[in-house]
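See below for the structure under consideration.
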Protein chains: 2
Amino acid sequence: MITHAMEDYLKTVYLLQEGQKKVSTSAIAQQMDVSAASVTGMIRKLAAMGLLNYASYHGVELTEGGKKIAQEIIRHHRLLELYLVEIMGFTWDKVHDEADKLEHVISEEFEERMSEALGHPTTDPHGHAIPAKDGALQEVAYETLTKVDAGSSATVQHVNDNDPEMLRYLDQLGILPSTVIQVVSKEPFNGPLRLRIDQTEHFVSREVAGNVFVAAPGKEAN
Amino acid sequence: MITHAMEDYLKTVYLLQEGQKKVSTSAIAQQMDVSAASVTGMIRKLAAMGLLNYASYHGVELTEGGKKIAQEIIRHHRLLELYLVEIMGFTWDKVHDEADKLEHVISEEFEERMSEALGHPTTDPHGHAIPAKDGALQEVAYETLTKVDAGSSATVQHVNDNDPEMLRYLDQLGILPSTVIQVVSKEPFNGPLRLRIDQTEHFVSREVAGNVFVAAPGKEAN
DNA sequence: AATTATATTTAGGTACTCCTAAATTTTTAA
DNA sequence: TTAAAAATTTAGGAGTACCTAAATATAATT
């Protein structure tokens, strides 16, 4: 039997795995806010179930079976976030925590009816791709706003969704998926960035800018 | 900390308590499909938390605190059932199981937005009263269809919601809350009842009729 | 009132998920 | 290449919720 906790581990590994192949025990522990010892224990169980490959001391990698479960949970999460915003009228800073609880308990029919009500969407309120029912998540190459050169413009692809206060701040600045931002200045070194958003200039800390992801140079938001 | 399992016990005791004051260990065990030993263990914990009063070997009774939590869960459950039917398009036989999972994880905001979308309803799809946000559940006196005299008519108040197959059967017969049913004949003894529903006569087993609750004589559905 | 039947509790155990502290392995750096 | 630092695993333990089997209390019956 697959438990809610197991689903959470698979989801976390899947999201950390993007880009890299192997994911370390400590990366999982940090992301989930549990001890490394707890991660080792759960990893061994998931490996025994054939949901990930595990070489002691050398990290994990999801199997196809593990990926499938992770994608289902991520699909639930992102459909829920969009449903909560579009149909139920939640603000985008509240939906992550609600979806984190609901994603493990909704039925396939609930998932299907949400998808239908939303017209089978492909992106959640924070700009993350919603995996298809069967399928894979086609991720694009991203970089954070801090990497954009002074003078250049970039289009927001997605923002981190796990910090409600951060989301309220970004909303206030007008930073949403598909917003176009010009980096006016990156001076002084490691100081706040000077950004032009919708005709207005703002100073934004590098920490905040690190939560905003834009299309890599030469690529555009779709 | 109050867990999902504790919420389930409190809900069960609350619903079994209607009418009687004390609820027995075995009644809870049967209703929840767990062993009597498990019930004793949980009861002791809930009593220690002040959520119910417990005299060893003599059953339990919810305290005001326990009642409040039970009512909140029942409000969640019944609002969810109605939301799933009215807004999401579920059939009434599917919503009980879905609501049983969701009722423990939705936030107060989720509850409030459902209630608003539904126009602050007072009855769920099976005819059960939805407790008010603060408050109590004003239950009416009910009796099952099997108790209605031959020749008399009665208005359906509510039906048991925990058996999907039964609900599909009742739906097919046209037995819903507010349906008027005439009991044509109760012969032979302990055999099926002969009912007139919307101009048509049907034979319905006493077991099925035991799942249909009607207003007590002299009372009417509201 | 004594005996039988039923209901309930206690005892002992399993599975899940988490923890801290100690031991071990791997990586980094002198 | 060896010693120190960092990461990971193992060992031992806690809390939750369930189980079966045995003991005990209550209720029913003769």
Side-chain angles (χ1 to χ4, degrees), chain A residues 1-14 16-17 20-62 65-66 69-70 73 97 100-101 103-105, chain B residues 1-14 16-17 20-62 65-66 69-70 73 97 100-101 103-105:
Chain A
M1 203 33 218
I2 179 121
T3 65
H4 296 177
M6 292 173 188
E7 290 177 348
D8 273 332
Y9 277 91
L10 294 172
K11 177 178 76 163
T12 299
V13 173
Y14 186 93
L16 288 172
Q17 199 170 273
Q20 302 102 73
K21 29 197 177 309
K22 295 292 185 92
V23 177
S24 72
T25 298
S26 52
I28 299 167
Q30 190 186 4
Q31 181 68 28
M32 298 187 71
D33 199 31
V34 296
S35 72
S38 297
V39 174
T40 300
M42 181 58 93
I43 271 174
R44 284 164 53 83
K45 205 177 315 189
L46 293 171
M49 295 171 77
L51 298 173
L52 46 76
N53 294 316
Y54 168 50
S56 206
Y57 288 101
H58 294 90
V60 299
E61 192 175 8
L62 293 182
I69 294 170
I73 298 300
D97 290 347
D100 260 354
K101 295 179 297 174
E103 65 189 9
H104 304 292
V105 302
Chain B
M1 201 35 218
I2 178 122
T3 65
H4 295 177
M6 290 173 189
E7 289 176 349
D8 272 333
Y9 276 92
L10 294 172
K11 178 178 76 163
T12 299
V13 174
Y14 187 93
L16 288 173
Q17 199 172 274
Q20 302 102 75
K21 27 193 179 309
K22 295 294 185 92
V23 177
S24 71
T25 299
S26 52
I28 299 167
Q30 190 186 4
Q31 182 68 28
M32 299 188 70
D33 199 31
V34 297
S35 71
S38 298
V39 174
T40 300
M42 181 59 92
I43 271 174
R44 284 165 53 84
K45 205 177 318 188
L46 293 171
M49 295 171 76
L51 298 173
L52 46 77
N53 295 315
Y54 168 50
S56 206
Y57 290 100
H58 294 91
V60 300
E61 193 174 9
L62 293 181
I69 293 171
I73 298 299
D97 291 346
D100 260 353
K101 296 179 297 174
E103 64 189 10
H104 304 292
V105 301

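Letters A, B, ... are given to chains in the order of the sequence lines, protein chains preceding strands, and every chain is numbered from 1. Treat the numbers as computed from the prediction; the structure is a model and nothing was measured.
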Discussion item. Please encode protein proximity along nucleotides 14-21 of chain D as a string of B, S and -, counting only heavy-atom distances under 4.0 Å.
Written reply: --SSSBB-
Item to complete: Verify side-chain contact (heavy atoms from CB on, under 4.5 Å) between B:I43 and B:I28, making sure each step is shown before the conclusion.
Response: CA-CA 10 Å; B:I43 271 174; B:I28 299 167; 4.1 Å; yes
Item to complete: Would you indicate what A:T25 reaches in the nucleic acid, counting non-hydrogen atoms under 4.0 angstrom: base, sugar-phosphate, or nothing?
Response: sugar-phosphate
Worksheet entry | Main-chain N/O of A:T12 paired to A:Q31 side chain as donor or acceptor, under 3.5 Å | no
Worksheet item: Rounded to whole angstroms, how far apart are NZ on B:K22 and P on D:dA27?
Response: 11 Å
Item to complete: Figure out the CZ/C1' separation between A:R44 and C:dC18, and round it to whole Å.
Response: 16 Å
Practice prompt. Send over the distance from B:H58 NE2 to C:dT8 C1', rounded to a whole Å.
Written response: 10 Å
Worksheet item: Does B:S26 have a side-chain nitrogen or oxygen under 4.0 Å from the phosphate oxygens OP1 or OP2 of C:dT8?
Response: yes
Discussion item. Checking B:H58 now: which residues fulfil ring-ring contact (aromatic ring centres under 6.0 Å, His included) with it, not counting sequence neighbours?
Written reply: none
Item to complete: Apply side-chain contact (heavy atoms from CB on, under 4.5 Å) to B:V34 and B:Y9, showing your working.
Response: CA-CA 11 Å; B:V34 297; B:Y9 276 92; 3.8 Å; yes
Discussion item. Whole angstroms only, please: what is the CG-P distance between A:D8 and C:dT17?
Written reply: 10 Å
Fill in: Test side-chain contact (heavy atoms from CB on, under 4.5 Å) applied to B:I73 and B:L10, step by step
CA-CA 9 Å; B:I73 298 299; B:L10 294 172; over 6 Å; no
Discussion item. Just to verify, what does B:A37 make a side chain to side chain contact (heavy atoms under 4.5 Å, CB included) with, not counting sequence neighbours?
Written reply: B:S35
Discussion item. Without decimals, in angstroms, what is the distance between A:I28 CD1 and C:dT17 C1'?
Written reply: 15 Å
Discussion item. Distance check needed: C:dT25 C1' versus A:Y57 OH, whole Å only.
Written reply: 4 Å
Practice prompt. Kindly point out which of C:dT8, C:dT27, D:dT10 is positioned nearest to the side chain of B:Y54?
Written response: C:dT8
